[in-house]
Amino acid sequence: MPELPEVETTRRGIRSHVEGRRLTGWEVRQPQLRWPVEVPAKLRNARLLRVRRRAKYLLFEFDEGALILHLGMSGSLRIVETGSPPGKHDHVDLHLDSGYTLRLRDPRRFGSLHYQDNVAEQHWLLARLGVEPLEDDFDGAYLHRMSRKRKIAVKSFLMDGRVVVGIGNIYANEALFMAGIRPRIAARRVTRARYDLLASQVKAVLQAAIEEGGTTLRDFVGSDGRPGYFRAELKVYGRERLPCVVCATPLTGIRTGQRATVYCRNCQH
DNA sequence: ATAATCACCTGCTCGC
DNA sequence: TGCGAGCAGGTGATTA
């Protein structure tokens with residue numbers, strides 16, 4: 001489940017292989033991802049200037065527009081030699097003038113590939129997104145201000161992409177644990193001071209995961225292309241009924257808004 | 001307007 | 001051993 005750190009790790013892993021290259025062609029073997037795959041004909045021989053990230057989207061910028069890629073739940077990118085045989089779930093190939101191909105694999109097909117002329121952020125998928133969690137405008141004051149009328153669980157609030165992007169289920173659980181906040185508390189009832197702590201813990205856990213991805217980053221050439229998932233560092237996610245790493249109390253597993261939620265009833269209030 | 005639910009899709013685990 | 005059921009999860013669309 002690529003979350004923001006995994007997407008960022010992917011970006012760093014592939015950028016040196018694609019930036020500055022021309023797109024010589026492509027193959028779309030399965031056009032039905034979450035939305036129909038878009039690769040306009042005018043991109044042939046276009047130069048890929050750079051790869052950026054916005055939320056969990058990877059933006060491949062060309063002179064006149066950008067391809068907008070989302071890895072969904074099961075997507076991954078790898079760099080392969082052009083002509084190497086695709087696997088069952090290798091849905092899209094982008095051929096580069098280096099003799100290599102950027103290959104998208106996505107077994108569950110929750111990912112997407114769109115094209116947007118000019119600035120990628122003008123695309124409807126990106127237009128209403130909230131702030132980036134690692135930028136300075138994401139802080140306790142922002143969370144406090146945005147939550148004043150919100151009755152939803154603070155965990156659901158934290159995962160609302162119109163508020164702040166890139167915080168999926170795994171890191172929402174982790175950040176709330178680190179901040180000592182119970183996931184089901186109404187967002188509007190969390191104090192400014194506690195939002196200060198929550199914002200800083202969100203940054204810390206995402207940054208740590210990105211650095212972990214950097215250290216465990218596999219070679220994106222010829223490998224399976226999947227960055228590490230920070231598994232060893234997770235303190236609550238996937239650990240229901242196991243002892244809390246701080247106080248040894250068995251962790252509580254619940255569901256908030258259809259999502260698996262794990263917390264420590266002793267450490268989080 | 002906000003909140004809750006649904007839908008998309010496949011691989012994997014589980015119980016029988 | 002085989003098989004259906006349930007689950008996982010990002011996020012836009014739909015319903016309440």
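Sequence lines set the chain letters: A, B, ... in the order given, protein chains first and strands last, and positions in each chain run from 1. All of these numbers come straight from a predicted model, not from anything done at the bench.
Taking side-chain N and O atoms only, Arg34(A) has no distance below 4.0 Å to OP1 or OP2 of dC9(B). Contact annotation: His89(A) side-chain N/O to dT10(B) OP1/OP2 distance is not under 4.0 Å. Of the side-chain N and O atoms in Lys151(A), none sit less than 4.0 angstrom from OP1 or OP2 of dA4(B). For dT5(B), neither phosphate oxygen OP1 nor OP2 lies less than 4.0 angstrom from any side-chain nitrogen or oxygen of Arg259(A). Lys149(A) has no side-chain polar atom (N or O) that falls below the 4.0 Å cut-off from OP1 or OP2 of dT2(B).
When the nucleotides dC6(B), dA8(C), dC9(B) are ranked by their closest atom to the side chain of Gln258(A), dC6(B) comes out on top. The side chain of Arg150(A) approaches dA3(B) more closely than any other nucleotide in the set dG12(C), dA3(B), dT10(B).
We find that CD1 of Ile152(A) is positioned 16 Å from P of dA1(B), with the value rounded to whole Å. When the P atom of dT11(C) is taken as reference, atom CG of Leu129(A) falls 8 Å away, rounded to whole Å. Rounded to whole Å, atom P of dT11(C) lies 13 Å from atom CZ of Arg162(A). Distance CG (Asp106(A)) to P (dA8(C)): 19 Å, rounded to an integer number of Å. Between the CZ atom of Arg128(A) and the C1' atom of dG10(C) there is a distance of 16 Å, rounded to whole Å. Taking atom CG of Leu71(A) as the reference point, atom P of dG10(C) lies 12 Å away to the nearest angstrom. Atom-to-atom, NZ of Lys88(A) to C1' of dT10(B) comes out at 8 Å; the value is rounded to the nearest Å. Note: CG (Leu126(A)) to P (dT11(C)) measures 11 Å, nearest angstrom.
The pair Arg50(A)-Glu19(A) fails the salt-bridge criterion, with no side-chain N (NZ, NE, NH1 or NH2) lying under 4.0 Å from an Asp/Glu carboxylate O. Using a cut-off of 4.0 Å between Lys/Arg side-chain N and Asp/Glu carboxylate O, Lys56(A) and Glu6(A) are scored as not salt-bridged.
The only option from Arg150(A), Arg128(A), Lys155(A) that meets the salt bridge (Lys or Arg N to Asp or Glu O under 4.0 Å) definition with Asp160(A) turns out to be Arg150(A).
Using a 4.0 Å heavy-atom distance criterion, Phe157(A) is classed as making no nucleic acid contact. Residue Arg109(A) is classed as a sugar-phosphate contact, given heavy-atom separations below 4.0 Å to backbone atoms only.
Using cut-offs of 30° and 60° for the angle between ring planes, the His114(A) and Trp124(A) rings count as perpendicular.
A donor and an acceptor atom never sit less than 3.5 Å apart when one is taken from the side chain of Arg108(A) and the other from the base of dG10(C).
When atom types are taken as modelled, the side chain of Arg54(A) and the backbone of Leu58(A) share no donor-acceptor pair closer than 3.5 angstrom.
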